[in-house]
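For reference, the structure is listed below as structure tokens.
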Amino acid sequence: MKRIVLILLSAVLIFSLTGCGSRQSEDEEEVLAAFTEALRVYDREAMTALLTEFPDNTAYVYLDDIFNDEAYILLYQTLYSDITYAVRSREKNRIVAEYTMPDVQTLYAGVSAAVLNLALTDETLQEKLQENDENALILIQQTMLSWAEQEDMVETMTQEYTLSFTEKDGKTVIVCDDELRALITGNFFLSKKTTLE
């Protein structure tokens with residue numbers, strides 16, 4: 001009799017532990033889906049509720065905030081409406097998701113090269129850019145936005161991102177790490193991730 005009770009208790013314990021793991025995976029996938037919907041319209045408030053924190057440029061050497069500056073918000077809102085993703089694998093507290101989205105890093109590289117070439121041939125532009133760093137930032141931001149509004153000026157990429165999950169205030173949230181920063185910015189973060197350390 002004790003053996004039967006012990007077997008039943010073990011089965012109940014295993015079933016309940018399996019159920020918890022399954023529920024956690026469902027929570028993580030729901031959070032990922034909600035996050036992606038918020039990313040498509042670059043709704044910072046909605047994304048913040050799903051993250052450990054919303055990223056900014058505090059720890060980095062660059063002057064512009066590629067996560068929060070108005071020009072970049074407009075850029076992401078212009079580009080991100082068609083983002084798609086698929087879950088490729090799941091393990092404890094992690095999901096590998098494959099995203100198809102605009103390659104903002106490549107857009108930035110192309111715009112930066114174009115601005116540099118133009119500045120090398122235009123003395124007036126060269127003088128204006130040398131006045132202060134902000135002039136160059138504004139020109140690059142505005143050119144990126146202009147290119148984003150034109151068809152065929154922005155490449156699409158398909159890439160896997162490994163997103164980590166944790167609990168915050170009793171809710172499942174995505175950890176704000178470099179993988180997430182790259183995802184939020186269409187890999188633009190990879191060009192700007194030099195830290196102050």
Inset, instruction - Could you grab the distance from atom CG of Leu107 to atom OG of Ser112, nearest 0.5 Å is fine? - result: 9.0 Å

Legend entry - Closest heavy-atom pair and its distance - Asn68, Pro55: ND2-O, 3.1 Å

Legend entry - Spacing of Thr84 atom OG1 and Arg40 atom CZ [to the nearest 0.5 Å]: 7.5 Å

Legend entry - Neighbour count >12 (heavy atoms, 6.0 Å) for atom CD, Glu155: no

Inset, instruction - State plainly whether one hydrophobic cluster holds both Tyr161 and Leu190, where clusters connect Ile, Leu, Val, Met, Phe, Trp and Tyr through side-chain heavy atoms under 4.5 angstrom apart. - result: yes

Legend entry - For the student: nearest non-hydrogen atoms of Tyr80 and Leu183, plus distance: OH-O, 4.3 Å

Inset, instruction - Take atom CD of Gln159 as the centre, draw a 6.0 Å sphere, and report whether it contains more than 12 heavy atoms from other residues, nucleotides or ligands. - result: yes

Inset, instruction - With side-chain contact (heavy atoms from CB on, under 4.5 Å) as the test, would you mind laying out the steps for Glu160 and Arg88 before giving the verdict? - result: CA-CA 8 Å; Glu160 289 185 352; Arg88 292 295 173 219; 3.5 Å; yes

Legend entry - Close side-chain approach of Arg181 and Ile184, heavy atoms under 4.5 Å: no

Legend entry - Pairs flagged by ring pair (Phe, Tyr, Trp, His ring centres under 6.0 Å) wherever residues 88-138 is involved - sequence neighbours left out: Tyr85-Tyr99, Tyr108-Phe188

Legend entry - Linked, directly or transitively: Leu180 and Ile83 (ILVMFWY side chains, under 4.5 Å): yes

Inset, instruction - Could you check if a side-chain atom of Tyr76 sits within less than 4.5 angstrom of a side-chain atom of Ile66, using non-hydrogen atoms only? - result: yes

Legend entry - Cluster overlap Tyr62 with Ile140, hydrophobic side-chain contacts below 4.5 Å: yes

Legend entry - Closest heavy-atom pair and its distance - Asn187, Gln105: O-CB, 3.3 Å

Inset, instruction - Going by the side chain to side chain donor-acceptor pair (under 3.5 Å) test, name the single residue among Asp65, Asn57, Asp64 that passes it with Lys192. - result: Asp64

Legend entry - Aromatic contact, Tyr42 with Tyr72 (centres under 6.0 Å): no

Legend entry - Inter-residue atom distance Phe35.CZ - Asp43.CG, 0.5 Å rounding: 11.0 Å

Inset, instruction - Compare every heavy atom of Met153 with every heavy atom of Trp147, then report the nearest pair and how far apart it is. - result: O-CB, 3.2 Å

Legend entry - Close side-chain approach of Val96 to Glu91, heavy-atom, < 4.5 Å: no

Inset, instruction - Report whether Phe189 and Met157 are members of the same hydrophobic cluster (ILVMFWY, side-chain heavy atoms less than 4.5 Å apart, transitive linking). - result: yes

Inset, instruction - Indicate yes or no: at least one non-hydrogen side-chain atom of Phe54 is less than 4.5 angstrom from one of Met47. - result: yes

Inset, instruction - Grab the two heavy atoms, one from Leu32 and one from Ile95, that are nearest each other, plus how far apart they are. - result: CD2-CG2, 3.9 Å

Legend entry - Exceeds 12 heavy-atom contacts within 6.0 angstrom, atom CD of Gln150: yes

Legend entry - Flag if over 12 foreign heavy atoms under 6.0 Å of CZ, Arg94: no

Inset, instruction - Using the side-chain contact (heavy atoms from CB on, under 4.5 Å) rule, pick out the option among Leu74, Leu75, Thr78 that qualifies with Glu149. - result: Thr78

Legend entry - Main-chain N/O of Glu179 paired with Asp177 side-chain donor or acceptor, under 3.5 Å: yes

Legend entry - Val31 and Val173, any side-chain heavy atoms less than 4.5 Å apart: no

Inset, instruction - With rounding to the nearest 0.5 Å, note down the distance linking CZ in Phe165 to CG in Asn93. - result: 9.0 Å

Legend entry - Reported CD-to-CG distance for the pair Glu30 and Leu50, which is rounded to 0.5 angstrom: 11.0 Å

Legend entry - NZ (Lys193) with more than 12 external heavy atoms under 6.0 Å: no

Legend entry - Thr185 and Val104, any side-chain heavy atoms less than 4.5 Å apart: no

Legend entry - Closest approach of Thr143 to Leu139 (non-hydrogen atoms, all atoms of both residues): OG1-O, 2.7 Å

Inset, instruction - Examine distances only and state if a side-chain atom of Thr52 and a backbone atom of Cys176 form a donor-acceptor pair shorter than 3.5 Å. - result: yes

